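I have placed the structure first, in the form of structure tokens, so that the comments after it can refer back to it.
Since the model is a prediction, treat every value here as computed from it, not as a measurement.
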Amino acid sequence: MNTIPYYIVDVFGEKRYAGNQLAVFRHTADLPQELLQTIAREIHFAETTFIESDERVNGGYNVRIFTPDTEVPFAGHPTLGTAYIIQREIERGLEQDTGGTITLNLGVGQIPVTTAGQHELWMKQKPPQFGRTVDPAVIAEILGIDTGVLNPDFPVQEVSTGLASIIVPLRSLEAVHACRINHAAFEAFLAKAFRANILVYCKETVQADHDLHVRVFCEDTGFPEDAATGSANGNLAGYLLKYNDLGSSVLRYRVEQGYKIGRPSLIQVKASLKDSSYDINVGGQVHPVARGEWLID
């Protein structure tokens with residue numbers, strides 16, 4: 001029986017057992033897509049990644065990302081976590097070289113990831129695409145909240161830097177914590193509108209030194225809440241710049257996420273808008289948790 005190596009890391013946590021869990025597999029180029037999906041379903045984390053080979057292709061590493069339900073072209077914490085494993089296990093330079101760049105070849109294109117220390121990494125996301133707006137009454141029904149707790153100064157809108165989110169501005173931390181997904185309403189929306197996760201945010205935070213509080217509800221089976229979502233926070237950065245919600249075209253801020261589900265996470269964002277050009281970078285820490293061998297028939 002053959003085996004392939006795999007690793008478990010926690011991404012966007014300030015220590016182990018916080019942030020978002022990720023499983024990373026190596027040497028997967030010859031495995032059929034059906035098996036990759038089965039493995040991701042068995043792991044049952046928000047995402048699982050598969051590095052096809054230890055060899056670079058066009059300057060980057062071919063990587064595929066799967067949720068328990070489907071393959072996705074981009075996701076934030078899998079990008080950072082996989083880059084960490086590539087540098088630590090394949091290039092073996094993390095402890096010695098803190099200025100390197102790892103490029104991942106993803107479905108959305110090439111995503112560069114740079115290191116800023118032994119455990120901190122940053123990724124540059126694609127320019128945001130701004131999609132449809134959503135009726136506040138519709139999103140309020142999905143979230144199980146009153147429309148009055150939405151911030152009326154800004155729209156509820158679809159934004160994507162590779163994986164779409166519906167950005168929902170709320171007035172308070174209490175409103176964010178009150179959100180409970182109405183499964184029937186969300187299913188009906190996804191069936192007749194478009195597929196996207198839902199990011200709700202406010203400027204009130206649990207920790208005094210953080211700037212925004214975020215919750216993200218996935219559009220996978222069961223609509224689970226995500227502990228830390230790099231792609232969605234990149235989408236949020238584009239939204240904040242477009243609508244000048246933070247009062248500046250040059251942003252540097254800290255986002256807390258995952259508190260409601262016992263996985264406190266810290267996501268750092270550097271973003272700017274100049275002459276209609278967006279520069280969005282999302283960073284955080286990665287901590288190794290486990291390694292092993294996966295049995296392949």
Side-chain angles (χ1 to χ4, degrees), residues 10-15 17-21 46 75-77 80 120 125 128 134 136 139-140 142-159 161 163-182 186 196-219 223-248 251-271 280-285:
D10 287 334
V11 185
F12 291 126
E14 296 184 272
K15 58 183 180 179
Y17 316 125
N20 212 341
Q21 300 156 298
H77 92 273
L80 290 187
E120 184 176 324
Q125 295 190 197
V134 179
I139 207 70
I142 292 171
L143 293 170
I145 55 177
D146 188 88
T147 55
V149 302
L150 274 71
N151 186 338
D153 296 330
F154 304 101
V156 176
Q157 186 171 16
E158 176 193 16
V159 185
T161 56
L163 195 65
S165 303
I166 301 169
I167 306 298
V168 184
L170 298 182
R171 292 178 179 271
S172 67
L173 188 61
E174 181 182 8
V176 172
H177 284 174
C179 292
R180 298 288 187 277
I181 289 292
N182 178 327
F186 200 7
N197 59 50
I198 299 176
L199 180 150
V200 299
Y201 78 96
C202 69
K203 298 173 188 174
E204 187 180 357
T205 59
V206 174
Q207 302 295 334
D209 60 340
H210 298 167
D211 303 295
L212 297 176
H213 188 93
V214 159
R215 294 178 71 188
V216 174
F217 301 98
C218 304
E219 46 98 359
F223 313 129
E225 182 171 349
D226 206 18
T229 320
S231 59
N233 275 284
N235 300 340
L236 175 60
Y239 176 97
L240 296 172
L241 288 168
K242 178 177 176 65
Y243 294 108
N244 197 33
D245 190 12
L246 297 184
S248 176
L251 304 178
R252 178 70 188 260
Y253 59 90
R254 294 152 63 92
V255 178
E256 58 185 30
Q257 187 181 334
Y259 282 64
K260 197 69 174 176
I261 57 174
R263 299 285 301 189
S265 304
L266 177 62
I267 300 165
Q268 301 187 61
V269 179
K270 296 183 290 188
I280 296 176
N281 299 272
V282 174
Q285 294 187 24

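- Within the model, atoms OH of Tyr201 and CG of Leu212 stand 7.5 Å from one another, a figure rounded to the nearest 0.5 Å.
- The side-chain hydrogen bond (donor to acceptor under 3.5 Å, both in side chains) test applied to Ser165 returns Asn197, Asn235, not counting sequence neighbours.
- Using a 4.5 Å heavy-atom cutoff, the side chains of Leu143 and Ile181 are in contact.
- With Ile139 as reference, Val156 is the one residue of Ile145, Thr147, Val156, Val200 to meet the side-chain contact (heavy atoms from CB on, under 4.5 Å) rule.
- For Lys203, the salt bridge (charged side-chain N to carboxylate O under 4.0 Å, His left out) test picks out Asp245, with sequence neighbours left out.
- Contact record, Ser231 with Thr161: O-OG1, 3.7 Å, taken as the closest heavy-atom pair.
- Side-chain contact between Thr229 and Leu199: absent, with no pair of heavy atoms (C-beta onward) separated by less than 4.5 Å.
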Donor-acceptor list for residues 170-178 side chains, cut-off 3.5 Å, not counting sequence neighbours:
from: Arg171; atom 1: NE; to: Gly148; atom 2: O; distance (Å): 2.9
from: Arg171; atom 1: NE; to: Leu150; atom 2: O; distance (Å): 3.4
from: Ser172; atom 1: OG; to: Ala175; atom 2: N; distance (Å): 3.1

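- Taking both residues in full, the closest heavy atoms of Ile166 and Ala196 are given as CG1-CB, 3.9 Å, listed atom of the first, atom of the second, then distance.
- A distance of 4.5 Å separates CZ of Phe12 from CG of Leu80, quoted to the nearest 0.5 Å.
- Minimum heavy-atom separation, Glu14 to Gln285: O-OE1, 3.6 Å.
- Residues satisfying the side-chain hydrogen bond (donor to acceptor under 3.5 Å, both in side chains) test with Asn233, not counting sequence neighbours, are Gln257.
- Between Leu266 atom CG and Gln207 atom CD the span is 9.5 Å, to the nearest 0.5 Å.
- Applying the salt bridge (charged side-chain N to carboxylate O under 4.0 Å, His left out) test to every pair with at least one member in residues 256-269, sequence neighbours left out, gives these pairs: Asp10-Arg263.
- Every residue meeting the salt bridge (charged side-chain N to carboxylate O under 4.0 Å, His left out) condition with Asp209, not counting sequence neighbours, appears here in chain and number order: Arg254.
- Contacts of Tyr253 classified as ring pair (Phe, Tyr, Trp, His ring centres under 6.0 Å), with partners at least two apart in sequence or in another chain: none.
- The CG atom of Asn281 sits 11.5 Å away from the CG atom of Leu251 when rounded to the nearest 0.5 Å.
- Rounding to the nearest 0.5 angstrom, the gap separating the NE2 atom in His210 from the OG1 atom in Thr205 is 7.5 Å.
- The nearest pair of heavy atoms linking Ser265 to Ala227 is OG-O, 3.0 Å.
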Below 3.5 Å, can you tabulate the donor-acceptor pairs from side chains in residues 237-244 to any protein atom, sequence neighbours excluded?
from: Tyr239; atom 1: OH; to: Pro155; atom 2: O; distance (Å): 2.5
from: Tyr243; atom 1: OH; to: Gln157; atom 2: OE1; distance (Å): 2.4
from: Asn244; atom 1: OD1; to: Ser248; atom 2: N; distance (Å): 3.0

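- Nearest heavy atoms, Ala232 versus Ile167: O-CD1, 4.4 Å.
- Residues satisfying the side-chain hydrogen bond (donor to acceptor under 3.5 Å, both in side chains) criterion with Arg252, sequence neighbours excluded, are Gln268.
- In this structure Glu120 satisfies the side-chain hydrogen bond (donor to acceptor under 3.5 Å, both in side chains) test together with Trp122, sequence neighbours excluded.
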